[in-house]
Amino acid sequence: MKILIVGGGGREHALAWKSAQSPRVGHVYVAPGNAGTALEPKVSNVSIAGDDIEALLAFAKHERIDLTIVGPEGPLVAGIVDRFESAGLRCFGPSRAAARLEGSKSYSKDFLRRHKIPTAGYATFTAADFDPGYVKAQRLPLVVKADGLAAGKGVVICATHDSAIAAAAGMLQGDFGAAGKTIVIEEFLSGEEVSFIVVASGEQVVPLATSQDHKRRDDGDVGPNTGGMGAYSPAPIVTRNLHRRIMHEVIEPALRGLRSDGTPYLGFLYAGLMIAPDGTPNVLEFNCRFGDPETQPILMRLQSDLIDLCEAALDARLDGSEVRWDPRAALGVVMAAGGYPEAYRKGDAIHGLEHAANLPGKVFHAGTRYESGEIVTAGGRVLCAVGLGDSVADAQRRAYTLVHAIHWNLVQYRLDIGHRAIARER
Ligand code: AMP
């Protein structure tokens, strides 16, 4: 089989690496990939941007690609799956209509309300009907969100009414371009965040191993929000009882609702949850794809064949699929460029990758590229170093052994990835 992975981040490196392990796979192409995917056996990069759907389709037809797996949300929300399917090509991911669950927060909130799935109270506004009086009447803190895709930056948590009004006005005036033309103002939920990711095909579903990520830049989960500074699997907070609640109260009604709304779901479905002190799994957001960096530790633990799993979903025979997991814990530490998540440096030579490659675990690349024979930084999140261990604490130790082997100018990373899970283990 020939596989095409769309995207060029750490998630796509992990998807390509795992796909290449399938004995049925002859070759994996990654568009556009990164320096890490270029180094993997059986994998090569194609220089087509992940959002250039027509060029991707032309490549897939020309190369007779058997299965395309789409990493990022952009092409999914733009309808890549519909386009490939209408050309008779197999493409793993939700249709454009189903991907609105991530593409529009107001749509997603209305969906949650309509299908009685627990989520924070909210109201939706445009510039034409924005009401500062509504904001002033709400309890603090308040969460202001741009409706559309904003690369993880369209969420502002506001401690005062004035700052919430300012954030709302900024979005409505174009701070996030078209993504902020509609905004959602939401009640603030406290609790602990969990990522719950499944493979779905209509109402058939296989939950993946549990995971948790760290969104804030700095140790202790403070500082600005990022795309994710690290993640681990399993997440000890997800007890068997909580797992059951998430399936019954979130995943199953969501898949039923998608089907009854006429937009049945196929692909990875990611529920970002805030677990309330009473155990209620409130949905913060749905993503229509695998998480980054959750993909990296989760796929390190997946022992089953990823391509078999994707094909079972495409053929609507997911029910009864057995998915085997490495019982060990996996923990990934994101190594980011100086300045991230604001303007960051690019082009710094990365040292120590060869040494790290000889250590246990795996370093997945994200923002990296070749320049004059060297691997240099080329994005905000540059690498994700993943360790496997008998406990989250052990996996953490191994991940940081990898991190310490690698260096570049002004590299930044957190020192406490996994701290909540490790506290629970103790
Ligand atoms: P989202 O893109 O909607 O998941 O929001 C990004 C991050 O903002 C989440 O991972 C949370 O850390 C935080 N967040 C979003 N909505 C809320 C909320 N209603 N209450 C508390 N934190 C939130």
Side-chain angles (χ1 to χ4, degrees), residues 72-74 76-77 99-113 117-125 134-135 138-160 163-164 167-168 171 175-176 179-180 182-197 210-218 220-232 235 237 246 250 254 268-278 280-294 334 341 380-381 414 417 419-420:
E73 61 278 15
L76 291 166
V77 170
R100 278 186 78 193
L101 221 43
E102 173 164 7
S104 165
K105 288 195 191 286
S106 59
Y107 172 83
S108 169
K109 292 295 288 189
D110 293 348
F111 173 90
L112 290 162
R113 180 141 74 186
I117 298 170
T119 192
Y122 71 104
T124 302
F125 297 99
Y134 170 87
V135 175
Q138 304 307 308
R139 250 196 330 194
L140 293 169
L142 264 177
V143 187
V144 181
K145 299 185 175 183
D147 183 61
L149 296 181
K153 299 201 176 79
V155 175
V156 190
I157 294 171
C158 303
T160 65
S163 63
M171 285 182 191
D175 284 1
F176 294 94
T182 299
I183 58 168
V184 173
I185 298 185
E186 191 173 281
E187 168 196 7
F188 179 84
L189 298 173
S190 49
E192 190 169 337
E193 281 188 69
V194 167
S195 316
F196 198 88
I197 306 171
T210 59
S211 63
Q212 239 173 330
D213 75 340
H214 292 271
K215 289 243 167 36
R216 303 297 197 96
R217 185 191 60 195
D218 303 328
D221 296 307
V222 297
N225 251 321
T226 69
M229 295 299 288
Y232 49 94
I237 182 182
I246 294 169
V250 176
F268 298 112
L269 178 64
Y270 171 127
L273 304 167
M274 184 71 87
I275 309 302
D278 71 354
T280 302
N282 285 298
V283 176
L284 291 176
E285 62 167 345
F286 280 120
N287 292 331
C288 61
R289 32 92 192 170
F290 222 140
D292 188 341
E294 293 92 331
V334 168
R381 292 187 294 169
R414 283 181 54 164
I417 298 302
H419 67 89
R420 286 207 181 82

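Order of listing sets the numbers, starting from 1, for every ligand and every atom in it. Bear in mind that the values here come from a model prediction, so they are computed numbers and not experimental data.
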Fill in the blank from the handout: For E186, the ligand 1 atoms with a heavy-atom partner under 4.0 Å come out as 16 (N), 17 (C), 18 (C), 19 (N)
Handout entry: Sub-4.0 Å heavy-atom contact, R216 with ligand 1
Key = no
Completion exercise
Heavy-atom proximity to atom 9 (C) of ligand 1, picking from E193, E187, K109, points to E193
Problem - Pair listing, salt bridge (charged side-chain N to carboxylate O under 4.0 Å, His left out) test, anchored in residues 139-151, at least two apart - result: K145-E186
Exercise for the section: Enumerate the atoms of ligand 1 whose separation from the nearest heavy atom of K215 is less than 4.0 angstrom. Expected result: 10 (O)
Exercise for the section: From the options K105, E285, H214, K145, select the one whose nearest heavy atom is closest to atom 15 (C) of ligand 1. Expected result: K145
Fill in the blank from the handout: Under 4.0 Å from one or more heavy atoms of L189, ligand 1 contributes atoms 18 (C), 19 (N), 20 (N), 21 (C)
Practice task
Indicate yes or no: does D213 engage K215 in a salt bridge with an N to O separation below 4.0 Å.
Solution key: yes
Fill in the blank from the handout: Counting from 1 in the order shown, the ligand 1 atoms closer than 4.0 Å to a non-hydrogen atom of F188 are 20 (N), 21 (C), 22 (N)
Exercise for the section: State which residues pass side-chain contact (heavy atoms from CB on, under 4.5 Å) with T280; sequence neighbours excluded, sorted by chain then number. Expected result: P118, R245, A276, D278, N282
Exercise for the section: Would you mind telling me if ligand 1 is within reach of the side chain of V143, the backbone, both or neither, using heavy atoms under 4.0 Å? Expected result: side chain
Exercise for the section: Determine whether H214 and Y232 make a side-chain contact, defined as any pair of heavy atoms from C-beta on separated by less than 4.5 Å. Expected result: yes
Exercise for the section: Enter the distance from E102:CD to Y270:OH here, rounded to the nearest 0.5 Å. Expected result: 9.5 Å
Handout entry: Spacing of SG belonging to C158 relative to CD1 belonging to I185, to within rounding of 0.5 Å
Key = 8.5 Å
